[in-house]
A.B. asks: 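Here you go, one structure.
Protein chains get the first letters and strands the later ones, always in sequence-line order, with residue 1 at the start of each.
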Amino acid sequence: MRHWLIKSEPHTYSIHDLEKEGTALWDGVRNYQARNYLRAMQVGDLAFFYHSNAHPPGIAGLCRVVETGLPDPSQFDPASPYFDPKSPPESPRWWTVRVAFLEKFEPLIPLARLREQFTPEELPILRRGNRLSVIPVEARVAEQIRRMVQGG
DNA sequence: GCCAACGTTGGC
DNA sequence: GCCAACGTTGGC
């Protein structure tokens, strides 16, 4: 089982929305490296839910990958902001997963605390200018993050 | 294939 | 609002 970190702007989609809805299709990712990570996910993997562009930004909860290998339907929807006219329906360009709510971190773990705890090498979201929205998290770091929640 | 211009992300 | 980082686009 692997750990991941997935970013979302909470004014678009937050951990509270995921808690209400139970599961969510993680659509709208339009970056090839992030897409490749999504394709590497396996059912049962855990993902930290990160709130970006928030006050404060930080890790807001935990979810589980429950379905993999799903073509992102928004790429075929002309009404969607994620519409990709260059993606052929017979061989879709963008793939994603479905995640299920597991836990809300209250309070969330703010970015400032993550900076105290980890180096940018351990947790790439700490790297200046990092924009990747799907990131693998090594087991030891994941363990430590979960302990930070229990510690309050 | 190069690379400058441009757009987006996201912390502050 | 500012700005650094970096991905994408398009002219050549």
A.B. asks: Going by number, which of residues 117-129 of chain A have a non-hydrogen atom under 4.0 Å from DNA chain C?
C.D. replies: A:R128, A:G129
A.B. asks: Taking A:S8 for its side chain and A:Y13 for its backbone only, find out whether a donor-acceptor pair lies under 3.5 Å.
C.D. replies: yes
A.B. asks: As a test of understanding, state which of A:S87, A:P85, A:P89 forms a side chain to side chain contact (heavy atoms under 4.5 Å, CB included) with A:Q75.
C.D. replies: A:S87
A.B. asks: Scan for salt bridge (charged side-chain N to carboxylate O under 4.0 Å, His left out) pairs involving residues 59-82 of chain A, sequence neighbours excluded, and state none if there are none.
C.D. replies: A:R30-A:D72, A:E67-A:R98
A.B. asks: Which pairs with one or both residues in residues 35-78 of chain A pass ring pair (Phe, Tyr, Trp, His ring centres under 6.0 Å), sequence neighbours excluded?
C.D. replies: A:W4-A:Y37, A:W26-A:F49, A:F49-A:H51
A.B. asks: Considering non-hydrogen atoms only, spot the tightest contact between A:L18 and A:A100 and give its length.
C.D. replies: CD2-C, 4.5 Å
A.B. asks: Hydrophobic cluster mates of A:Y32, side-chain heavy atoms under 4.5 angstrom, ILVMFWY only, any path?
C.D. replies: A:W94
A.B. asks: Please, which pairs that meet ring pair (Phe, Tyr, Trp, His ring centres under 6.0 Å) have at least one residue in residues 101-149 of chain A, sequence neighbours excluded?
C.D. replies: none
A.B. asks: Earliest and latest nucleotide of DNA chain B, 5' to 3', sitting under 4.0 Å from a non-hydrogen atom of chain A?
C.D. replies: B:dG7 to B:dC12
